[in-house]
Amino acid sequence: MHSETIVIMPEGPSIVILREELSQFKGKKVLHVSGNAKIELERMKGKKVLDMRSWGKHFLMSFDDFFIRIHLLMFGSYRVNEEKEAAPRLKLQFKNGEFSFYTCSVKLIEGNVDDVYDWERDTMSDVWDPEKAYKSLVLEKEELICDSLLDQEIFAGVGNIIKNEVLFLTKVQPASLVKDIPMKKLKEIVKTAREYCFDFLRWKRIFELKKHYRVHTKNVCADCGSKIVLMQKMGKRKRRSFFCPHCQVLYTKE
DNA sequence: TATAATGTTTGAAC
DNA sequence: AGTTCAAACATTAT
């Protein structure tokens, strides 16, 4: 029994890693439940975790007639076979070990995950559907592309780092309106979002993610040397956007 | 030490 | 009544 830790940067790929680390408890019976989550904890006691899945930034544990949805939000974390100082929000103990979640959102939802989630919307899923994402994206005419990329209904799992990196890779400025971006470029954004999610996953696994940032938190463009622009609260989501004003195109109505 | 960050939900205000 | 927006939540590194 060894201990594992850490989720920071809880975007979709990090939740895939979380799910993999906890999969050792899939099919196992819950012996003890504790934590300060405001749900009926007892519902899990003595029951088997039938499945563990993820959808975007959601981690899902299925039981007989309900499932638990965990969202790490901004500051959530978890530990396997060890504890932090802080009180766990949810702790599950099994014969073969235990895990705890901290400062996260925990919900108990009646029914089956398949009734709630469209797996084709999850950028990390085997059945992710780029066509579907594209069709939803083009409808968001009046949105800024930086807002649409963070829309979990379209790109479940994409977070702010992925947003900034994808826009850099596709050479689009975050303040471009969706309706002003050519169809071909929108398709490239969809494709690149998916690909970058898997690059993020690969680098995250080997603790090399930050090393590969091209624009996020950077001061100087790696490609042209221009100063990277940081806008603190861009768009309706008010998130940080980093971009190179030289390499990235601002699409406008003209 | 004050600040800010990878995110979402809630409820007030219009 | 529907939309929008700010506040709330809460941890950790810099």
Side-chain angles (χ1 to χ4, degrees), chain A residues 5-19 21 35-39 54-60 68-79 82-91 99-109 116-118 121-124 139-144 146-169 174 193 196-219 228-243:
Chain A
T5 10
I6 309 164
V7 153
I8 39 170
M9 305 191 202
E11 302 190 27
S14 298
I15 307 307
V16 168
I17 293 170
L18 185 164
R19 193 224 313 137
E21 288 182 352
N36 56 23
K38 294 189 180 91
I39 61 166
S54 57
W55 182 90
K57 300 165 191 170
H58 299 201
F59 172 62
L60 307 165
I68 300 293
R69 190 207 83 169
I70 293 177
H71 199 303
L72 298 179
L73 301 172
M74 199 79 110
F75 311 122
S77 62
Y78 67 98
R79 296 288 186 276
E82 65 175 16
E83 286 227 30
K84 299 212 302 185
E85 287 299 310
R89 183 133 303 156
L90 178 65
K91 177 177 180 178
F99 59 81
S100 302
F101 280 93
Y102 306 87
T103 32
C104 54
S105 159
V106 178
K107 287 193 172 170
L108 187 158
I109 300 168
V116 176
Y117 290 99
D118 180 352
R121 295 291 188 182
D122 175 12
T123 54
M124 299 309 295
L139 295 177
E140 304 229 310
K141 295 184 175 60
E142 302 300 327
E143 299 287 348
L144 301 184
C146 61
D147 282 326
S148 290
L149 265 170
L150 290 173
D151 187 337
Q152 300 299 295
E153 302 286 317
I154 304 179
F155 298 102
V158 169
N160 207 38
I161 296 172
I162 296 173
K163 173 200 86 180
N164 282 321
E165 294 295 317
V166 167
L167 291 175
F168 180 82
L169 291 170
Y196 186 76
C197 279
F198 283 85
D199 286 339
F200 184 121
L201 175 61
R202 195 172 75 249
W203 292 325
K204 182 87 177 147
R205 284 191 204 284
I206 56 176
F207 309 101
E208 271 189 9
L209 178 64
K210 263 189 194 167
K211 196 170 103 178
H212 293 277
Y213 289 170
R214 304 289 303 283
V215 70
H216 190 77
T217 69
K218 294 297 186 183
N219 296 121
I228 294 297
V229 174
L230 163 58
M231 291 196 65
Q232 275 298 340
K233 294 180 176 178
M234 187 184 278
K236 68 179 186 186
R237 298 181 199 276
K238 306 240 185 300
R239 304 301 301 277
R240 295 201 295 178
S241 283
F242 294 85
F243 63 95

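The basis for the numbers below is simple: all heavy atoms, side chains too, and nothing from hydrogens, waters or symmetry mates.
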Rounded to whole angstrom units, what separation is found between the [atom1] atom of [X] and the [atom2] atom of [N]?
X: Lys238(A); N: dA5(B); atom1: NZ; atom2: P; result: 14 Å
X: Ile70(A); N: dC9(C); atom1: CD1; atom2: C1'; result: 17 Å
X: Glu85(A); N: dT12(C); atom1: CD; atom2: C1'; result: 15 Å
X: Met231(A); N: dA5(B); atom1: CE; atom2: P; result: 14 Å
X: Arg240(A); N: dT6(B); atom1: CZ; atom2: P; result: 4 Å
X: Phe59(A); N: dT8(B); atom1: CZ; atom2: C1'; result: 19 Å
X: Leu72(A); N: dT12(C); atom1: CG; atom2: C1'; result: 15 Å
X: His58(A); N: dG7(B); atom1: NE2; atom2: P; result: 12 Å

- [ ] Give none if dT6(B) has no partner; otherwise give the nucleotide forming a Watson-Crick or G-U wobble pair with it, both distances under 3.5 Å.
- [x] none

TODO: Verify the ring-centre separation between His58(A) and Tyr117(A): is it less than 6.0 angstrom?
DONE: yes

Task: 5′-ward residue of the pair Lys236(A)/Ala86(A) relative to DNA chain C - done: Lys236(A)

Open item on the list: By nearest heavy atom, map Lys84(A) and Leu73(A) onto DNA chain C; which one lands nearer the 5' end?
Closed with: Leu73(A)

Is the closest side-chain heavy-atom distance between [X] and [Y] below 4.5 Å?
X: Met124(A); Y: Pro13(A); result: yes
X: Ser105(A); Y: Arg69(A); result: yes
X: Ile70(A); Y: Val106(A); result: yes

Open item on the list: Nearest to the Arg69(A) side chain among dT9(B), dA5(B), dG7(B), which nucleotide is it?
Closed with: dT9(B)

Open item on the list: Side chain of Lys107(A) only, heavy atoms from C-beta on: which candidate in dT10(B), dG7(B), dT6(B) is closest?
Closed with: dT10(B)

- [ ] Provide the distance between the two C1' atoms, one in dC5(C) and one in dT6(B), to the nearest whole Å.
- [x] 22 Å

Task: Which residue lies more 5' along DNA chain B, comparing His71(A) with Gln232(A) via nearest heavy atoms - done: Gln232(A)

Open item on the list: With a sphere of 6.0 Å drawn around CD of Glu153(A), does it hold more than 12 non-hydrogen atoms of other residues, nucleotides or ligands?
Closed with: no

If the cut-off is 4.0 Å, is [X] near the phosphate of [N], judged by side-chain N/O to OP1 or OP2?
X: Arg239(A); N: dT6(B); result: yes
X: Lys57(A); N: dT6(B); result: no
X: Arg237(A); N: dC5(C); result: no

